Amino acid sequence: MDNTSPVSLDDELRNWPADEAEARAVQDRLRRHVRLDEPGPPPDFEGTVVGVDVAYDDARDVVAAAAVALDARTLEIVDEATAVGRISFPYVPGLLAFREIPTVVDALAKLAQTPGLVVCDGYGRAHPRRFGLASHLGVLTGLPTIGVAKNPFTFRYDAPGDGRGATAPLLDDLDGTTEEVGRALRTQQGVKPVFVSVGHRTGLDGACAHTLRLAPTYRLPETTRAADALCRRVLAAG
DNA sequence: GCGACAG
DNA sequence: ATCTTGTCGC
């Protein structure tokens, strides 16, 4: 069997796991399709960087997703799309993707232009099974993805330097080996770092460079800030 | 067994 | 994620 055969987005969405054991099996099956040998788009490429995020209303069982496209060079918003759906999975640490991806995919599909890079709110390779939300979304869509998280999850790190741009490796032990699964990146001086990891078809250096460029003023990338604001607005309205 | 745990 | 006011500071 060809372990790099293309993954069918429709098939994966149709066969969404019903419980935790199935979900972990999906991660173990799809993990091999992640491409770690591409650097990803250069820092000032011509195209769009798209931020995706979701907001929940557990009482109504509703999830709202937003995809906001920024010009990679100017960081101006050039396109926005949203989607609303039913919550397809409970929140389980390590299985976040199963809760967010179906609605995020719907929102992404409504964008006028194919994203050059997708920035996810969460992790990619920094994951207990090396297949976080950003990796999963990348494999399903084929798009270059990175993950930028607000919390270190279960990973170890030493505080990066105090200045903007300072980094420190995010470490995890698996099978008796310590691996740099991502980086703590200080996007603003004196402010808690964000936690960057590669998703699909990107490299860690580029992922950090993009994240820093996308966060000229605030701790979080403008992509994440814009997507977060939009999906909250949608949830509040509908 | 207990605690920790992306969003 | 979400529940939530005022408040300290640039």
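In this text the structure is predicted, and so the values were computed from the model without any measurement. Naming: A, B, ... by sequence-line order, numbering from 1 per chain.
Looking at heavy-atom distances under 4.0 Å, A/Y56 makes contact with sugar-phosphate atoms alone, never a base. A/A126 comes within 4.0 angstrom of nothing in the nucleic acid, heavy atoms only. When heavy atoms are screened at a 4.0 angstrom cut-off, A/L95 is found touching base atoms of the nucleic acid. A/G147 comes within contact range of no nucleotide atom at all, as no heavy-atom separation falls under 4.0 Å.
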Ignoring hydrogens and angles, write down the donor-acceptor pairs under 3.5 Å from the side chains of residues 74-85 of chain A, residues two or more places apart or on other chains.
residue : atom : partner : partner atom : Å
A/T74   : OG1  : A/E76   : N            : 3.2
A/D79   : OD2  : A/A112  : N            : 2.9

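Taking the charged nitrogens against the carboxylate oxygens, A/R35 and A/D37 do have a contact shorter than 4.0 Å, which makes a salt bridge. Classification of A/R232 and A/D228 as a salt-bridged pair holds, one side-chain N sitting under 4.0 Å from a carboxylate O.
Of the possible donor and acceptor atoms, one in the side chain of A/Q27 sits under 3.5 Å from a partner among the backbone N and O of A/G94.
Atom pair A/D53:CG and C/dA1:C1' shows a separation of 9 Å (rounding to whole Å applied). Atom CZ in A/R232 sits roughly 12 Å away from atom C1' in C/dC3 (whole-Å rounding).
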Please, what dot-bracket string fits DNA chain B when only Watson-Crick and G-U pairs with both distances under 3.5 Å count, crossing ones use [ ] and pairs to another strand use |?
.......
Pair assignment for DNA chain C - dot-bracket with | for other-strand partners, Watson-Crick or G-U under 3.5 Å:
..........
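A/L185 and A/C208 get closest at one heavy-atom pair: CD2-O, 3.6 Å.
Under the 4.5 Å side-chain heavy-atom criterion for grouping Ile, Leu, Val, Met, Phe, Trp and Tyr, A/L30 is connected to A/W16 within one hydrophobic cluster.
Contacts of A/K150 classified as salt bridge (Lys or Arg N to Asp or Glu O under 4.0 Å), with partners at least two apart in sequence or in another chain: A/D121. Under the rule for a salt bridge (Lys or Arg N to Asp or Glu O under 4.0 Å), A/D10 has no partner lying at least two apart in sequence or in another chain. Qualifying salt bridge (Lys or Arg N to Asp or Glu O under 4.0 Å) partners for A/R129, counting only residues two or more places apart in sequence or in other chains: none.
Sorted by first and then second residue, the salt bridge (Lys or Arg N to Asp or Glu O under 4.0 Å) pairs with a member in residues 166-189 of chain A read A/R125-A/E179, A/R130-A/D172, A/R130-A/E179, A/R156-A/D173, A/E180-A/R183, A/R183-A/D205; sequence neighbours excluded. For residues 213-224 of chain A, the pairs satisfying side chain to side chain donor-acceptor pair (under 3.5 Å) are A/E222-A/R225, with sequence neighbours left out.
Residue A/L170 shares its hydrophobic cluster (ILVMFWY side chains chained together at separations under 4.5 Å) with A/Y123, A/F153, A/F155, A/Y157, A/V181, A/F195. Cluster partners of A/L171: none. The rule joins Ile, Leu, Val, Met, Phe, Trp and Tyr whenever side-chain heavy atoms lie under 4.5 Å apart, and it links nothing here.
Put simply, chain A comes within 4.0 Å of DNA chain B, heavy atom to any atom, from B/dC5 to B/dG7, going 5' to 3'.
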One character per nucleotide, please: for nucleotides 4-10 of chain C, 5' to 3', B when the base has a protein heavy atom closer than 4.0 Å, S when only the sugar-phosphate does, - otherwise.
-------
